[in-house]
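Hydrogens, waters and symmetry mates play no part in the numbers below; they use all other heavy atoms, side chains included. Sequence lines set the chain letters: A, B, ... in the order given, protein chains first and strands last, and positions in each chain run from 1.
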Amino acid sequence: MDLGLYTSGLAHVLDFEVISLIFLGTLLGVLTGCLPGLTATMGVSILVPITYTMSPAAGILMLVGIYLGGVYGGAISATLVNIPGTPSAVMTALDAYPMAQKGKAGLALGIATVSSVLGGLFSVFVLILVAPVIADFALEFTSYEMFTIALFGLGIIAAIAPGSIIKSLMAGAIGLLISTVGADPITAAPRFTFNNMLLYGGVQFIAAMVGLYGVTEVILNAEKYFNRTGGAKNETTSLNPKKILPKLVDLKKIQANIARSSVIGVIIGAIPGAGGTIASIVAYGTQKKLSNHPDEMGKGSIEGIAAAESSNNACTGGAMITLLSLGIPGDAITAILIGAFMIHGLQPGPLLFENNLDLVSAIFLGMVIANVFLLFIGLRGARYFAKLLNVPQAILNSTIIAFCFIGSYAIQNSFFDIKTMLAFSILGYLMVKADMPRSPIVLALILGPIMESNLRRALSLHQDNLFAFGYGFVNHPIAGTLLILTIVTFVLPMLQKSKWARKESS
Amino acid sequence: MRDIITSVIVTALGIFAFMSATPLAKSSAGLSDNPALFPQAISFVLVVLGLILLAKSVKNQRMVELRFRKISLLKVSSLFLILIAYLVAMSHLGYIISTILFLYLMMVFLGCRKAKACVFSFLITMSLYMVFSLLFQVPLPEVML
């Protein structure tokens, strides 16, 4: 057996600087995750700039740390102030906050930490086993498969994004349209560049993300402040978490639960388009069905916390499977990670396993290390993070904006990237006002070029004969199945809706 | 109301994109080496989606009010103006001066006390400058009058 996949990254990881960067990343991730208003997605996008000058391995590993930390960090504010610091902690808050109100904030955080870490470690284990197999398999993929996987991912995220499917699809289509700005991938003809040379290379992805998730989020926070009527403030410090290390008895009660929820998390994480929020909802629901005390859930039960936290952290490994082996993002955060890979000159996908095996291996090892750091940070540091929740919003939000500006500028020392960022922040704000989800745009920006080049390659294989192209799906069963699944994803909800409409009217 | 505006904007965007992609098509022969194929297909989908939403929202007649409040709309627009001003200031006054001014203005605008804002805008600017300019060696904009 070739152990290269597991050992070749050691040289990268066993380096004091890299280990410290993973620690710093995990810490920064927990920080952004736990502050309400700073989601994990925002954390990763605004912190990408500080990795520009690092080596690819160090930069990517730090970002992976931020990612894992950010997903976990949401649990802290969910417990202490009943605000999920990051969307995937929404189910955690259901049980963790009632526990905190009963004076058991420490136990809630302890259970959340241990479940998160176990879920995370399990998912890395699955990632290590499965990703190489899928990557190997994916080497055989033709443009048909790549096109339909990209279409499928975009379809799923549009179908499950909150709100109307039509608006999610609109967001996806707008994203695809934006992804065509710049040189045509086949003929290199400039498209939608409006005679601006700076657009020839396409829209700068990281700047767009910083605008869409960083600046927009701050504007929304500020708007909340402007609209606020009373002087309502977060009450935090009264719930001082003590005794965070959970007892063995408690852990025994939830071991099966954690195992099951972790499996759910990995599987859902690996589906392109689905992510931590869905995973925690599904795991929580499953636990409620199988629990011996289902009525306690939602009132402060450790079962609920364990299910939600182990599944949303298990998603990280699942999402990394699709990211590394197919180059397809699972959700908004992994889409930004792909953007970061590209900044460091790496293209995730099956070829990554052939050309940069040491880096893939380093990512596996780095994720294990980040999870161990997470355990340490969570069990030792939660009480300090609780204090952070008191940082004045005005200072926090202003600093984030300053960070967004300098980060976008630093991509290639250009003011144009700041303009891109501002344009996307206005777009993001208008989208929120129109109730249109932002995540399909992010995915579309990454998936657009994959879809377009593969579609056109497949067409040219059949001498531009549309009928022959369509028939090609019969010869590519994976692509054909995914295409049918994508269509079903859209048709099914519409049929159900019209059924309801008929019932309501009769 | 909100959905009607959204659908009109999206439809218009689709038509605009379709039109501006048309001249791209002339130079090419087949489907696959046509740079306009993908953008036009997407714009077409966008127009269809826009029209579906329009039809739905007109039929529903449920008046979903725009979620803007007058005061906050004014304040949010001024927030965007401050951001644009910061961008302009940065290219003329250099990084440090423009950032201190911006942070101070922004903090006060978001309800921070003036003395506190003074101290923090200075400290944050300096730490950002040190991290990016000294540690990461990013050449930050300098004074250009």
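Across all their heavy atoms, A:Arg438 and A:Leu212 have their closest contact at NH1-O, 2.8 Å. Between A:Ser179 and A:Ala444, the closest heavy-atom pair is CB-O, 3.9 Å. Nearest heavy-atom pair, A:Ser408 versus A:Val210, reported as atom, atom and distance to 0.1 Å: OG-CG1, 3.9 Å.
A donor-acceptor pair shorter than 3.5 Å can be found between the side chains of A:Asp184 and A:Thr187.
Of the listed residues (A:Leu455, A:Val215, A:Leu422), the one with the most heavy-atom contacts under 4.5 Å to chain B is A:Leu422. Highest contact tally toward chain B, considering only A:Leu459, A:Leu461, A:Ile50, A:Leu466, is held by A:Ile50 [criterion: heavy-atom pairs under 4.5 Å]. For the set A:Pro392, A:Pro49, A:Ser425, the count of heavy-atom pairs under 4.5 angstrom toward chain B peaks at A:Ser425. Ranked by heavy-atom pairs under 4.5 Å with chain A, the list B:Val138, B:Leu87, B:Thr125, B:Leu13 is led by B:Leu87. Between chain A and the options B:Val45, B:Leu53, B:Ile52, B:Leu83, heavy-atom pairs under 4.5 Å are most frequent for B:Leu83. When A:Val218, A:Ile186, A:Ile406, A:Asn221 are compared by the number of non-hydrogen pairs under 4.5 Å with chain B, A:Ile406 comes out ahead. Of the residues considered (B:Ile9, B:Leu46, B:Leu37, B:Thr99), B:Leu46 shows the highest number of contacts with chain A, using heavy-atom pairs under 4.5 Å. Taking A:Met451, A:Met170, A:Met436 one by one and counting their heavy-atom pairs under 4.5 Å with chain B, the maximum is reached by A:Met170. Of the listed residues (B:Ala36, B:Ser43, B:Ser20, B:Ala17), the one with the most heavy-atom contacts under 4.5 Å to chain A is B:Ala17.
Residue contact with chain A, scored on non-hydrogen atoms closer than 4.5 Å, involves the backbone and the side chain of B:Leu128 alike. B:Leu140 touches chain A through backbone and side chain together, each having a heavy atom under 4.5 Å away. Both the backbone and the side chain of A:Ile219 come within less than 4.5 Å of a heavy atom of chain B. Neither the backbone nor the side chain of A:Pro185 comes within contact range of chain B; no heavy atom of the residue lies under 4.5 Å from a heavy atom of that chain. Neither the backbone nor the side chain of A:Leu396 comes within contact range of chain B; no heavy atoms are under 4.5 Å apart. For a residue to count as touching a neighbouring chain, one of its non-hydrogen atoms must lie under 4.5 Å from one of that chain's; by this rule A:Thr53 touches chain B with the side chain only. The contact between B:Phe16 and chain A is made entirely by side chain atoms (from C-beta outward), counting heavy-atom distances below 4.5 Å. Using a 4.5 Å cut-off between heavy atoms, A:Met431 does not touch chain B at all. A:Ile174 touches chain B through backbone and side chain together, each having a heavy atom under 4.5 Å away. The part of A:Thr180 that comes within reach of chain B is its side chain, from C-beta onward, which places non-hydrogen atoms under 4.5 angstrom from that chain.
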Audit row: A:Tyr144, A:Phe469, ring-ring contact (aromatic ring centres under 6.0 Å, His included) steps and yes/no:
CA-CA 9 Å; A:Tyr144 271 95; A:Phe469 165 74; 5.5 Å; yes
Give the intermediate values and the outcome of salt bridge (Lys or Arg N to Asp or Glu O under 4.0 Å) for residues B:Lys56 and B:Asp3.
CA-CA 9 Å; B:Lys56 267 189 155 180; B:Asp3 283 359; over 6 Å; no
Would you please test B:Phe102 and B:Phe109 for ring-ring contact (aromatic ring centres under 6.0 Å, His included) and show each step?
CA-CA 10 Å; B:Phe102 160 76; B:Phe109 193 57; over 10 Å; no
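The pair A:Arg191-A:Glu452 counts as a salt bridge, with a side-chain nitrogen and a carboxylate oxygen less than 4.0 angstrom apart.
Residues A:Met421 and A:Asp417 have side chains not in contact (no heavy-atom distance under 4.5 Å, counting atoms from C-beta outward). Contact check for B:Leu101 versus B:Leu93: side-chain heavy atoms found under the 4.5 Å cut-off.
Taking the six-membered ring for Trp and the full ring otherwise, B:Tyr86 and A:Phe405 have centroids separated by under 6.0 Å.
Classified by interplanar angle (parallel below 30°, tilted 30° to 60°, perpendicular above 60°), the ring pair A:Phe415/A:Tyr409 is tilted.
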